[in-house]
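Working notes, beginning with the structure itself.
Indexing begins at 1, ligand by ligand and atom by atom, following the structure's order. All residue numbers in this chain count up from 1 along the given sequence.
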Amino acid sequence: MTTLLHLSDTHFGVERSEVVDAFLRWASANPPIDVLVLSGDLTQRARRDEFERARALVACLAPRACVAVPGNHDLPLFKPVERLLAPYGEFERAFGAARAPCLIDDALAVFGVDSTVPLRHRNGRVGRAARAALLAALAAAPAGALKVVVAHHPVDCLLDSDHANLMHGAHELVREGVAAGARLFLGGHIHHPFIRPLAARHGEPAGDAWVMQAGTAVSRRLRAGQGNSFNRLVLEPVVEGARRVALERWDYRDEGAGFVLAERHEPGWTLARA
Ligand SMILES: [Fe+2]
Ligand SMILES: [Fe+2]
């Protein structure tokens with residue numbers, strides 16, 4: 001079994017300590033964590049101490065690999081000089097210089113891509129060079145691997161009021177990414193978790209790809225009607241030449257129950273033996 005934990009919008013600086021504790025309890029009771037994905041807005045104000053808390057969480061979880069991409073909150077909004085000259089300085093100090101990290105093994109290929117735009121705080125898009133690099137990496141990944149794209153800004157949303165928050169150029173990224181083999185798109189930003197087939201928004205070009213949006217994992221920045229949550233992907237061992245994949249959403253319950261399984265889907269992908 002291979003597992004991928006998808007956390008987003010932790011917004012360290014305005015985290016709920018009781019939710020962080022509940023999450024760590026869940027993690028220690030539900031090993032292993034092979035891949036940890038952090039899909040941006042790790043911090044509230046891109047401060048060094050906030051990034052250090054995000055790093056401390058990664059150290060506690062001790063995944064085999066961590067794929068982290070920045071969100072708009074990980075760029076210094078109120079420090080114009082820093083924003084102009086070194087917008088990714090603190091992110092890179094904490095998570096390394098590669099803002100488009102990737103992880104590849106025979107079962108799972110996870111590609112992070114930076115969708116932030118330093119001079120336009122909230123809007124997201126993937127630049128031409130980054131998109132070309134992503135598409136080449138997707139095409140080159142092992143054919144039998146589940147290919148996953150991670151960006152902060154979403155390629156899908158459920159609410160009309162979130163349309164303005166969609167990544168600019170989302171449709172092209174989905175169409176070209178799916179053509180290059182992507183099966184799953186992970187995102188954050190809107191603090192509204194959901195899991196569904198991408199064809200619901202992008203039609204036939206989305207093929208059999210799915211989207212898995214994470215809520216805010218541990219922060220106080222909750223949207224009306226939404227609690228804290230995270231997602232998990234479980235990749236079963238090969239049986240008769242194929243692997244089963246499950247996509248799960250885990251929600252935090254205030255009544256002391258901690259994180260509980262809220263939804264689970266099996267997309268039914270056929271993944272050939274690598
Ligand atoms: Fe956020
Ligand atoms: Fe965001």
(message) Aromatic contact between F23 and F230, with the criterion being ring centroids under 6.0 Å apart: yes or no?
(response) yes
(message) Closer than 4.0 angstrom, basic N to acidic O: yes or no for E92 and R99?
(response) yes
(message) Under 4.0 Å between a side-chain nitrogen and a carboxylate oxygen: does that hold for R53 and E15?
(response) yes
(request) Could you tell me the angle subtended at the Fe ion (ligand 2) by OD1 of N72 and NE2 of H152, rounded to 10°? (result) 90°
(message) Under 2.8 Å from the Fe ion (ligand 1), is there any N, O or S atom belonging to H189?
(response) no
(request) Would you please indicate if the ring centroids of H191 and H11 are separated by under 6.0 Å? (result) yes
(request) Look at the N, O or S atoms of H11, main chain and side chain alike, and state whether any lies under 2.8 Å from the Fe ion (ligand 1). (result) yes
(message) Using the Fe ion (ligand 1) as the vertex, how large is the angle between OD2 of D41 and OD2 of D9, rounded to 10 degrees?
(response) 90°
